[in-house]
Every structure is written in C-alpha cells, then in structure tokens.
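In listed order, ligands and their atoms are each counted from 1. The first residue of the sequence shown is numbered 1, and numbering continues consecutively from there.
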Amino acid sequence: MVVGGGIGGPAAAIGLRRIGWDVTVLERAPAFADVGAGILLHANGVRALDALGVGEAIRATVRPVYTGGTLTPDGRVLSRMDGAALERRLGTPVVGVLRADLHRVLREALPDGRVRTGVEVADVGGAGRDADLVVAADGLDSRRRAELFPRHPGAVYSGSTVLRAVTERPFHDPLHDLELTWGRGTGFGHIRFVDGRAEWHAVLTAPPGVRHRDPLAALRRYDAVRRRRGRSVARAARQAGRMGHGLTHPLAVALRNGVLRLAPSGATLRRPLRHADWTPPRLR
Ligand SMILES: Cc1cc2nc3c(=O)[nH]c(=O)nc-3n(C[C@H](O)[C@H](O)[C@H](O)COP(=O)(O)OP(=O)(O)OC[C@H]3O[C@@H](n4cnc5c(N)ncnc54)[C@H](O)[C@@H]3O)c2cc1C
C-alpha cells in the first residue's frame, strides 16, 4: 500500500509492480486536478523514469532546455546554460515539464482502480493492517513519518518561499528556454514548456508562516498601470517605423524629410518626451 498519490507515491507503485508487488495508492485529495506549475528534470530524473518504463511517455511531454542562464537584476549574465553540452555528456539536456503532465504520465502507467482518491490515511496501523508493506509518500510534512519515526524533527523551513504560476497562453521569449535572475534575497525565473507556455516563479526570503493570500493582486495592480503605457509605447514605435524606414514612395519620403527639416526643435523633442519622461510606479 502506498500512502500519497503525488509524484513519489505513483512512482514507487510503478516500481513495486515491476518487481511483482500488488500495489494500491491511496490519495486524500478527492480528485486529481491539473495542479502545480513546473519541474526541471535532469538526466538522473529522466533515467529514473526510463527505469520505470515511462521514459517514452515523458519525453513526449517535455521541452529540452538548451539556452538560458542566470542573470543579475540589471540583466548582466552570470552564467549561461549549455544544454547541448549536457546532452553530449549525459544523453539528455535538462528538460522542463508541467507537474500536471508528469503526474498524469505516472498515474496512467498504473492499472485502473490502483490509485484511489478521496482516501485519507489517518494512521498506518489501521489502514495498513492488511498490507505487507506500507510506503509513506505523503509529502513534505508527512504525518506517516511523524507516526513511524516520532523522533524525526520533520521538515525545516529553508527561509525561502516560492510563488509559482503557469502562463495561460504561449510565452514568446525568443531568447531563452530557462532564465533565472538572482537578486538580494529574491529570485525570479521562467521555464518554457513543450506547448509554448511557461512557468514563472518568484523566490522570496520570508519568515516562516507568511501567507500571500493573493500574490497576483500586486501584479494586476502594476499591470493596470503598465499595460496602458506599454500599448502607447508600442503604438508610437509602430508609427515611427511607418514614418521612418517604412516609407518607400519617393514623394512620401521627400514630404517626410521636408516636414522634419522644417519642424521646430521643440516639436521634435515632444515626441520622445511623451514616453521617455517616465518613472516607474513605486512597488509596494
Ligand atoms: C499540489 C502540488 C503542486 C506542486 N507543484 C510543484 C511545482 O510546480 N514545482 C515543483 O518543483 N514542485 C511542486 N510540488 C512539490 C513536488 O511535487 C514534490 O515536492 C515532490 O515531487 C515530492 O513528491 P512527493 O510525492 O514526496 O510529495 P507530493 O508530490 O507533495 O505528494 C504527496 C501526496 O500525498 C497526499 N497525502 C498527504 N497526506 C495524506 C494522507 N494522510 N492520506 C492520503 N494521501 C495523503 C497529498 O495530498 C499529496 O498528493 C507540488 C506538490 C503538490 C502536492
């Protein structure tokens, strides 16, 4: 019997079945939803999935990370990701996978009825009475660990809290598959997935127990200011392009040049000032 239907539980169950055990996974969540964000799998993880017989299925859902790296907040490169070198050395680069896809692949490798949801195991003694083996895969704050190893101190908060999300639509970053920005006590990064979407995550140094009830509200507030401005900058850039390199007709080119030559310098200055004279809103 495996307690916990997260990543470790179904993986353990697949392995046990491959060596002849009859296994049932019990998961307390009422149903499996597409929860979680993204996970980076290195070659060791991919090899482990190969050993479980799900390597092919997982390869269809991952995106290799070939480019990217770690940056400072002002955009200077601290280190570059060389996925091709990792691939030459290890047979695979790091790959990015949606946690939901990894979870689905593991679940689907188990026969119907072998993963039972809506079953919370209160104590191993009771639920595991008829089992020859109980695997406690009930996550970071495992209560089974506390029950079986009462002197174990349990998980200790590392001092960092991560906020993660997956974009709703494909994310067009022409440059990098993976990017991490390291600041002082904070970090921000993204991982791209096979369907073009991306996970972003913000790492914050925070005291234990701090809950961010609505972390997206702060981003929405900023976006409400930024989006209007972003559109206006994009419009101005398009107009400038149309009037600049975009003009091809000789008459139009001559007219533009004449107007620009005659325009008073104040008028020429007004245009860039509209966008350049701006200070970002204070982040709260
Ligand atoms: C919802 C969710 C989303 C996550 N998203 C990410 C992510 O985006 N990126 C990342 O890097 N990591 C993520 N993680 C963490 C990562 O999946 C795990 O830390 C890691 O895979 C270890 O897996 P695990 O099986 O030990 O634990 P988990 O994956 O945490 O699974 C433990 C499971 O045990 C179940 N459980 C707990 N107690 C009982 C009980 N008494 N009876 C029955 N079932 C019980 C839980 O409901 C859970 O499904 C997420 C974890 C969860 C639960």
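Numbered from 1 in the order shown, with element, the atoms of ligand 1 that lie under 4.0 Å from a heavy atom of G8 read 23 (O), 24 (P), 25 (O). Distances below 4.0 Å separate heavy atoms of L26 from the following atoms of ligand 1: 43 (C), 44 (N). When each atom of ligand 1 is checked for a heavy atom of V119 under 4.0 Å away, the hits are 42 (N), 43 (C). Below 4.0 Å from some heavy atom of A137 lie the following atoms of ligand 1, by number and element: 32 (C), 33 (C), 34 (O). Within ligand 1, counting atoms from 1 as listed, the ones closer than 4.0 Å to a heavy atom of G38 are 7 (C), 8 (O), 9 (N), 10 (C), 11 (O). Listed by number with element, the atoms of ligand 1 under 4.0 angstrom from any heavy atom of R144 are 41 (N). For ligand 1 and A37, the ligand atoms under 4.0 Å from any heavy atom of the residue are 5 (N), 7 (C), 8 (O).
The closest approach between any non-hydrogen atom of I39 and ligand 1 is below 4.0 Å. Assignment of R99 to the shell around ligand 1 is supported, since a heavy atom sits closer than 4.0 Å. Between H103 and ligand 1 there is no heavy-atom distance shorter than 4.0 Å. Within the 4.0 Å heavy-atom shell around ligand 1 one does not find L40.
Between A198 and F171 the shortest heavy-atom distance is CB-CD2, 3.6 Å. Contact detail for G9 and V25: the closest heavy-atom pair is O-CG2, 4.4 Å.
Salt bridge R144/D123: absent, no basic N to carboxylate O contact under 4.0 Å. Ion pairing between a basic and an acidic side chain is recognised when a charged N comes within 4.0 Å of a carboxylate O; D138 and R143 show no such pairing. Ion pairing of D50 with R47 is absent here, as no side-chain N (NZ or NE/NH1/NH2) approaches a carboxylate O to less than 4.0 Å. A salt bridge links D74 with R76: at least one charged nitrogen is closer than 4.0 Å to a carboxylate oxygen.
Atom 20 (C) of ligand 1 lies below 4.0 Å from none of the non-hydrogen atoms of the protein. For atom 50 (C) of ligand 1, a protein heavy-atom neighbour is found at a distance under 4.0 Å. Proximity of atom 39 (C) of ligand 1 to the protein is indicated by at least one non-hydrogen atom lying closer than 4.0 angstrom.
Scanning the protein for heavy atoms near atom 48 (C) of ligand 1, the closest one is E27 OE1, 3.5 Å. Closest protein heavy atom to atom 1 (C) of ligand 1: V35 CG2, 3.6 Å.
Counting only N and O atoms by type, the side chains of T167 and R197 include no donor and acceptor under 3.5 Å apart. Donor-acceptor pairing under 3.5 Å is lacking for the side chains of R99 and H103.
In terms of polar-atom proximity, defined here as any N/O pair under 3.5 Å, G36 makes no such contact with ligand 1. Close N/O approach between V121 and ligand 1 is found [any backbone or side-chain N/O within under 3.5 Å]. At under 3.5 Å, a nitrogen or oxygen of I7, whether backbone or side chain, sits near a nitrogen or oxygen of ligand 1.
T205 places none of its side-chain heavy atoms less than 4.5 Å from the side chain of T186.
Outside the 6.0 Å centre-distance limit, the rings of H201 and F188 are not counted as a close aromatic pair.
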